Asks: 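One structure, pasted below without further comment.
As the structure is a prediction and not an experimental result, all values here were calculated from the model. Quick note on labels: first sequence line is chain A, next is B, and so on, each numbered from 1.
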Protein chains: 4
Amino acid sequence: MSPKVTEAYKEEKRASLLAGALRCFLDKGFQATTTDDIARHLRISKGTLYGYFTSKEEIYIQLAHARMDDMIESLNTLYVETSSAKAMLRHMFERFRRQPLDELRKWLTFHLEFTTYASRRPELIASNRAYLNKALNLLNRILTSGKQAGEFRADLDESSAAYLFWAVRDGLALSFLLDGDDNEYRRILDDMEDMVMKHLTA
Amino acid sequence: MSPKVTEAYKEEKRASLLAGALRCFLDKGFQATTTDDIARHLRISKGTLYGYFTSKEEIYIQLAHARMDDMIESLNTLYVETSSAKAMLRHMFERFRRQPLDELRKWLTFHLEFTTYASRRPELIASNRAYLNKALNLLNRILTSGKQAGEFRADLDESSAAYLFWAVRDGLALSFLLDGDDNEYRRILDDMEDMVMKHLTA
Amino acid sequence: MSPKVTEAYKEEKRASLLAGALRCFLDKGFQATTTDDIARHLRISKGTLYGYFTSKEEIYIQLAHARMDDMIESLNTLYVETSSAKAMLRHMFERFRRQPLDELRKWLTFHLEFTTYASRRPELIASNRAYLNKALNLLNRILTSGKQAGEFRADLDESSAAYLFWAVRDGLALSFLLDGDDNEYRRILDDMEDMVMKHLTA
Amino acid sequence: MSPKVTEAYKEEKRASLLAGALRCFLDKGFQATTTDDIARHLRISKGTLYGYFTSKEEIYIQLAHARMDDMIESLNTLYVETSSAKAMLRHMFERFRRQPLDELRKWLTFHLEFTTYASRRPELIASNRAYLNKALNLLNRILTSGKQAGEFRADLDESSAAYLFWAVRDGLALSFLLDGDDNEYRRILDDMEDMVMKHLTA
DNA sequence: AATGAATGAGAGTTCATTCAT
DNA sequence: TATGAATGAACTCTCATTCAT
């Protein structure tokens, strides 16, 4: 295969390469995954990989950014579809609860490795921060609208609460990174939801 | 020159080597730090390093374990010295607040890199889990004693709350890993303290 | 669309491809020029390139040979048009003088890279030697005719002088390969002309 | 072998590695010689090579510079030992004549490949030019002293003649790079000597 | 006990060439 | 005929570990 391939085909292929690389990174981590691993897993040559991406790092970064784009995007969708602020937060907790722990673990490991990686590369810090800010801003808007609608207490510091919301969620996932079972995880998520809601309302 | 001091001397030296290696890992991360870096920083030879440790990985693991030992130890000390459960929690928050962000960042990066590292090595998961359990148990005891003393609400689920406490704290640090300033961090810690305390009491 | 033109068309195209490849080689050198560079520069595909030439090396060799053919050819033309031997040599020096240094440098670099390249491939040595011989023979004929016409000294060793003529010229270009300005170069060329002429006449 | 090796030993080893690498470069050229070739030839590991040099390029450059240093050095020695300017030039021609063609070819190939290589790296042009200038300056001094001593004509342009001297010599070697026999080479060198001397004196 | 030169497997990346379309 | 995606061998360079001294 090869001549005058459509742009769409290339895009699709690119996506499939990314997907394959992601599997490798999720399994072994970025540093431990070699370009040979990725190529072998995809049953392509290393040269092909470099025809689509300029470096192993680029694949990693694109993957991480795509992941964050998806999260922001899906939150935005949820936001548009949901009327009340409280309902939105409940939805989000519901989502957290639904995600199986083993899946969450893989993603979190990926995310953490990328974060530590990014923390040593000044050029990545800004983009990473931008994603975090999007998530914080979205929550800020939700909280503000909820406050105006009287769903939350009048003296709520939304910006601070937005941080808390994500902190609480990421921190719990971190506690369960190495082990722990789904039921316990969900039970604590329930308590966490109570805690946060209480904090927002009274 | 040294007839019997040997054992004590070796232990001391070992500790000093660990301290030097730690500095390197904190600065550049585990993967990016070479054994040459460590030996150069310590002004010893790589051979000597390998006389005290069997591998770079062993140094890393011992460091991580020592770090967790210290934390548990210092919490235990604090526990013994503090009478009321509430006071103990306040103390802990006070500590969090006092730690400068840039120092916290280095430690957290170290901790996260180790956690992701450990998550791929089954033989490390158990020991890591043991440390987490110690911290959780300690908090459990505190919370239980506070509950019995009437400081916290009667229907508090201590085990769940113990998770929440650590989750909340680690999660916030994670939010500030890449940037953010000390003042904002402390402001949110204050809110976090409120939230947690409210959750424990009512 | 093209029933019979094919052969001529192909030859023409072949020549235009060579011209484009030459530009690349002059700019970056043989080794540093990739087939991608050439194809991109020519706005054709690599496949097309390989339809006209069997390898990158073949392009290079054809280019080098074409260059030498051109030189021999132009010398021959000059030879036919010029009556006296002395006048012919003067003409050649005049040509050397007229060539801008930066252009000369590119060609010389190309020539030298090819020469070193050829020196490792026995199969290229013969053809290269053939070209050199043509140039030497031509000069030999000129010198001999000048000697017979009494323009040069009677005991002149034409074969040796022919070598000297080219040696002197290539050597000077080599001295100016890395830097030096046009005026200095021409001044020395003048002296060189004196030296050679003196050598031929007395 | 390995602990506390003397500085002298290391320097010696370094020199032996350079010598081995030189053999490879002389045989196959810089680009065609791989680091594996060098290591295999030296019966050491590639890692060792990189313990002594930071890159393949560094080896190459050191070799080229050392070669030029030697030439300058030996010329200087000759200069000091020789009284008359004419005698010095004769000596130099004598040397040219004595060098076997096959040896000269290897060195010239090396030199030319390095020169074309250097011509594309701005950072090398300066140092290369410096070497050329040293050679030119030395000759300049010789010619000037000869002129003052009345050995050469009074209106001699020494700077120009210095260029001519080297040009003539390098150019002739270039003519014999691919083939030609020693006797013919020497015969032409004799004529060349005549030509240059004539140019200097009358 | 301490040294650091030596190792060598393996990393990421490049590029002349091929061939299905 | 022209295309350019695919190939894969080969490249330079790294670094945890060893071991003769």
Asks: For atom CD of D/Glu7, is the number of surrounding heavy atoms from other residues, nucleotides or ligands below 6.0 Å larger than 12?
Replies: no

Asks: Under a 4.0 Å threshold between the charged nitrogen and the carboxylate oxygen, would A/Glu123 count as salt-bridged to A/Arg129?
Replies: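 Looking at A/Glu123 together with A/Arg129, the answer is no, because their closest N to O distance does not fall below 4.0 Å.
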
Asks: Provide, to the nearest angstrom, the distance between the CZ atom belonging to A/Arg14 and the C1' atom belonging to F/dA5.
Replies: 14 Å

Asks: In whole Å, what is the span from the NZ atom of A/Lys56 to the P atom of E/dG10?
Replies: 15 Å

Asks: Does A/Tyr9 place a side-chain N or O at less than 4.0 Å from the phosphate oxygens OP1/OP2 of E/dT21?
Replies: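 A/Tyr9 to E/dT21 OP1/OP2: no side-chain N or O under 4.0 Å.
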
Asks: What is the distance, to the nearest angstrom, from the OH atom on A/Tyr60 to the P atom on E/dG12?
Replies: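 It works out to 13 Å between those atoms.
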
Asks: Which of residues 29-54 of chain A have a heavy atom under 4.0 Å from DNA chain E?
Replies: A/Thr33, A/Thr34, A/Thr35, A/Lys46, A/Gly47, A/Tyr50

Asks: Between B/Ser55 and C/Lys13, just flag the one whose closest nucleotide in DNA chain F comes earlier from the 5' side.
Replies: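 Comparing both residues, the 5'-ward one is C/Lys13.
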
Asks: Do any pairs count as a salt bridge (Lys or Arg N to Asp or Glu O under 4.0 Å) and have a residue in residues 29-38 of chain A, sequence neighbours left out, and if so which ones?
Replies: A/Lys28-A/Asp37, A/Asp36-A/Lys46, A/Asp37-A/Arg40

Asks: Just checking, is any N or O donor in the side chain of A/Ser119 or A/Thr116 under 3.5 Å from an acceptor N or O on the other one?
Replies: no

Asks: Could you run through DNA chain E and flag its stems, i.e. three or more consecutive Watson-Crick or G-U pairs with both distances under 3.5 Å?
Replies: E:2-21 with F:2-21

Asks: Before accepting this row, confirm whether a basic side-chain N of the pair C/Arg120/D/Asp27 lies closer than 4.0 Å to the acidic partner's carboxylate O.
Replies: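 D/Asp27 and C/Arg120: not salt-bridged.
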
Asks: Quick one: pull up CG in A/Leu26 and CD in A/Glu113 and give me the separation to the nearest 0.5 Å.
Replies: 10.5 Å

Asks: Check for me whether B/Lys56 meets the cation-pi criterion with B/Phe30, that is, NZ or CZ under 6.0 Å from the six-membered ring centre and within 45 degrees of the ring axis.
Replies: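 Yes - B/Lys56 lies over the ring of B/Phe30, closer than 6.0 Å to its centre and within 45° of its axis.
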
Asks: Between C/Tyr117 and C/Glu57, do the side chains contain a donor N or O and an acceptor N or O under 3.5 Å apart?
Replies: yes

